[in-house]
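Quick note on labels: first sequence line is chain A, next is B, and so on, each numbered from 1.
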Amino acid sequence: MVVTESQQPSPEPATEHERADWVSRLADEVIVEAERRGTRPVAASGISPSGPIHLGNFREVMSPHLVADELRRRGIDAEHLISWDDYDRFRKVPAGIDGVDESWAQHIGKPLTSVPAPPGSTEDSWAAHFRAQAEASFAQAGVRYRGISQTEQYAAGAYTEQILHAMRHRREIDAILEQYRTLPAAKDEDEALQAALASGSGAANEDDGSAGGEYYPYKPYCTACGTDLTTIEAFDDDSTEMTYACRCGHRETVLLREFRSGKLVWKVDWPMRWAYERVVFEPSGVDHQSPGSSFQVGLELAPVFGWERPLGPMYAFVGFGGVAKMSSSRGGAPVPADALAVMEAPVLRWLYARRRMNQSFDVAFGSDLQRTYDEWDALLRKAAAGTAQPAELAALERATATADGRLPETPRRVAYRTLASVVDITFGDEVQILRILRGLDEADPIVDLEPLRPRLDRVEAWVATHMPTDEHTIVRDVPDREALDALTEVEREALVLLLDGGQGLPPIEDDWTLDGLTHQTYGVAKVQRGLEPDAIVKGDKALSAAQRAFFALLYRLLVGRETGPRIPTLLLAIGSERVRALLTP
RNA sequence: GCACCUCUAGCUCAAUUGGCAGAGCAGUUGACUCUUAAUCAAUCGGUUCCCGGUUCGAGUCCGGGGGGGUGUACCA
């Protein structure tokens, strides 16, 4: 609404790499478009809080966010607004929401803000519940925006002029929509089309209750029962007197210019809002690319309200891999909060920033998350070394900071997979984690876990909730008696040597460190073959085979598998007492 | 049916407006005294789906064909 003075890009607006990626190119287009329309660059997202706002919906937020943020980095007064479509009707009861059962079906047809929140929520409506949940994540991800509740707007009468305008132009709107209702009937006798036409001729008229009636782009919410199972029976352009009837039996005549219970139908509502908020940029999902979709129809409807359809690149869907059953039982698709629990905010931002909008991508929750982190760390190293590509640097910059400042970072980056392995075998015992990590880098030992956060916290959450079962290392509770009794003489001797020493080896407790355990475990096979424990041996195939066999034996006895984390690390984590319990023949 | 996206190394993907086709992982080889699910290096690997066109030059642009994917049919 505010027409700002011309916003000129600052002279030294962006570094080279910030101009290199898709976000920057889109920002350029938005600037040109805003100037052409003589308005401020406004980017918009529209979200319907009809259920959990999942990672797919999150692209609806991140895409305009990134573009608006780029504009702000250039010193331009851009705005990102999020329209909460909380005045939309409650369409169906989503599956998998804790405490929500079929009894919620009684609310179908009411605005989302009139439906009670799921049990246990601190919010006072369905819409408020899911909005609050999402907004907490948006904030954590560094997304700054102006939120607009459609319920509040409609209730305040903000759109009354637009509603009356639409009603007066209902025939024009109807004609536009009409073009898409029945597909332009090709002249051929395609049978699918025939079938569609045949089934559409009779049944539909009864269903929407508008048989023979006039088209109205407005739908009242019944003032008696609260639902939109209503039909407008009459409307007078001059007086704005409207009569509607509801399926509940209620019928009344009201003055539409004063009436506050109802909204424009969706396909008209959206273009109206483009005009009202002077939106220049609003991406939409690929489901809008079909002819007749609200975005396509909006091209013709926006001018009815004196505006043009905004630039609206379409984004491809976001997938997700490796979601553990426990979290997916909670309603299907994971939400940003699920992702932020196992990865840092910059990493999540990076996933959305590095892919062009028309590319689909997966947010990895399984083992692929470790790969995601490997790539992330590699990018940070390349950036530090100055070998990263411009577009990569741009994505990195957008991930780690916004125009408002930097996001929390982990000072000391230890590989996610390493941390996962250590956290797993120590059961998250941080004293042990530190003890193991201390030996990781001798030149620069880790003496404190704090610099490893917040990444370490995410790893701990991941190991607890998403690490695949078959990747967990599960240390046996009790000795494998059967296997211990079936040991060969050589194996038995090896275990005794490992635990109690002999032939030059000390008892295992004597040097209970990563280094000491390394020497001990590798030494066993050597002394068994008559070598010194610290002999340097190269290329002895038989020795290598014996060592490998010994390791396999230890894995079987300790974790019941053929392989596992490095033995010294594993022993350290298990602790000497338990090691003795499990390995004593 | 219509619309949109996509096809590049074994896999996942890069390649700024047309300008020498590149990474990661996997593989192979080697180093780290030790063939382990934490390290490092080197190396192998391509008819960019096919046919045609524009161009000095095409993964990129245009036309056609093929494969894969997504959306969608009077509602909100």
For [X] and [N], give me the distance from atom [atom1] to atom [atom2], rounded to whole Å.
{"X": "A/L301", "N": "B/rC74", "atom1": "CG", "atom2": "P", "answer": "17 Å"}
{"X": "A/D362", "N": "B/rC11", "atom1": "CG", "atom2": "P", "answer": "17 Å"}
{"X": "A/F90", "N": "B/rA76", "atom1": "CZ", "atom2": "P", "answer": "18 Å"}
{"X": "A/Q179", "N": "B/rC2", "atom1": "CD", "atom2": "C1'", "answer": "16 Å"}
{"X": "A/Y154", "N": "B/rA76", "atom1": "OH", "atom2": "C1'", "answer": "12 Å"}
{"X": "A/M314", "N": "B/rC5", "atom1": "CE", "atom2": "P", "answer": "10 Å"}
{"X": "A/D424", "N": "B/rA37", "atom1": "CG", "atom2": "P", "answer": "15 Å"}
{"X": "A/Y315", "N": "B/rC4", "atom1": "OH", "atom2": "P", "answer": "19 Å"}

Quiz item: cation-pi between A/R25 and A/W22, 6.0 Å / 45°:
no
Hey, are A/T151 and A/D86 close enough side-chain-wise for a donor-acceptor pair under 3.5 Å?
yes
Identify, with sequence neighbours excluded, every residue that meets side chain to side chain donor-acceptor pair (under 3.5 Å) alongside A/S63.
none
Nearest of [options] to any side-chain atom of [X]?
{"X": "A/K526", "options": "B/rU33, B/rA76, B/rU36", "result": "B/rU33"}
{"X": "A/P568", "options": "B/rU36, B/rA76, B/rU16", "result": "B/rU36"}
{"X": "A/T473", "options": "B/rA37, B/rU36, B/rU16", "result": "B/rA37"}
{"X": "A/R355", "options": "B/rU17, B/rA76, B/rC13", "result": "B/rC13"}
{"X": "A/R548", "options": "B/rU35, B/rU17, B/rU36", "result": "B/rU35"}

If I pick the [atom1] atom on [M] and the same atom on [N], what distance separates them, to the nearest angstrom?
{"N": "B/rC61", "M": "B/rU55", "atom1": "C1'", "result": "10 Å"}
{"N": "B/rC5", "M": "B/rG22", "atom1": "C1'", "result": "24 Å"}
{"N": "B/rA9", "M": "B/rC4", "atom1": "P", "result": "27 Å"}
{"N": "B/rG10", "M": "B/rG27", "atom1": "C1'", "result": "9 Å"}
{"N": "B/rC49", "M": "B/rG66", "atom1": "C1'", "result": "8 Å"}
{"N": "B/rA26", "M": "B/rC11", "atom1": "P", "result": "15 Å"}
{"N": "B/rU8", "M": "B/rU60", "atom1": "C1'", "result": "12 Å"}
{"N": "B/rG52", "M": "B/rU12", "atom1": "P", "result": "29 Å"}

Centroid separation under 6.0 Å, is that true for the rings of A/Y87 and A/Y221?
yes
Would you check if the distance from the ring center of A/H466 to the ring center of A/F365 is below 6.0 Å?
yes
Begin with the C-alpha distance, continue with both residues' side-chain angles, and end with the deciding distance and a verdict on side chain to side chain contact (heavy atoms under 4.5 Å, CB included) for A/L369 and A/M467.
CA-CA 10 Å; A/L369 176 56; A/M467 190 174 192; over 6 Å; no
Remember a base hit wins even if backbone is also touched, and classify A/R89 as base, sugar-phosphate or nothing at under 4.0 Å, heavy atoms.
sugar-phosphate
If the condition is ring pair (Phe, Tyr, Trp, His ring centres under 6.0 Å), which residues does A/Y522 pass it with, not counting sequence neighbours?
A/F551
With sequence neighbours excluded, tell me which residues meet ring pair (Phe, Tyr, Trp, His ring centres under 6.0 Å) with A/F58.
A/F138, A/Y352
When only distance counts, do a donor and an acceptor, one from the side chain of A/Y555 and one from the base of B/rU36, lie under 3.5 Å apart?
yes
Between A/K263 and A/H519, which residue's closest nucleotide on RNA chain B lies nearer the 5′ terminus?
A/H519
Of A/K267 and A/Q296, the one whose closest nucleotide on RNA chain B sits nearer the 5' end is A/Q296
Any idea how A/W274 and A/F295 line up, ring-wise: parallel (<30°), tilted (30 to 60°), or perpendicular (>60°)?
perpendicular
Do NZ/NE/NH1/NH2 and the carboxylate oxygens of [X] and [Y] come within less than 4.0 Å?
{"X": "A/R309", "Y": "A/E282", "value": "no"}
{"X": "A/K267", "Y": "A/E300", "value": "no"}
{"X": "A/K263", "Y": "A/D88", "value": "yes"}

When you look at A/R455 and A/E460, which way does the salt bridge (Lys or Arg N to Asp or Glu O under 4.0 Å) test go after all the steps?
CA-CA 9 Å; A/R455 178 182 296 195; A/E460 289 174 350; over 6 Å; no
Going through the distances and angles, do A/Y215 and A/V265 end up as a side chain to side chain contact (heavy atoms under 4.5 Å, CB included)?
CA-CA 11 Å; A/Y215 170 81; A/V265 300; 3.7 Å; yes
Counting only Watson-Crick and G-U wobble pairs with both atom distances below 3.5 Å, the stems of 3 or more consecutive pairs that include RNA chain B are B:1-7 with B:66-72, B:10-13 with B:22-25, B:27-31 with B:39-43, B:49-53 with B:61-65
At a cut-off of 3.5 Å, list every protein nitrogen or oxygen paired with a nitrogen or oxygen from nucleotides 6-10 of chain B, distance to 0.1 Å.
unit_1	atom_1	unit_2	atom_2	d
B/rU6	OP1	A/N358	ND2	3.3

B/rU36 phosphate, OP1 or OP2, under 4.0 Å from A/Q547 side-chain N/O
no
Kindly give the atom pairs (protein nitrogen or oxygen, nucleotide nitrogen or oxygen) under 3.5 Å for nucleotides 24-28 of chain B.
none

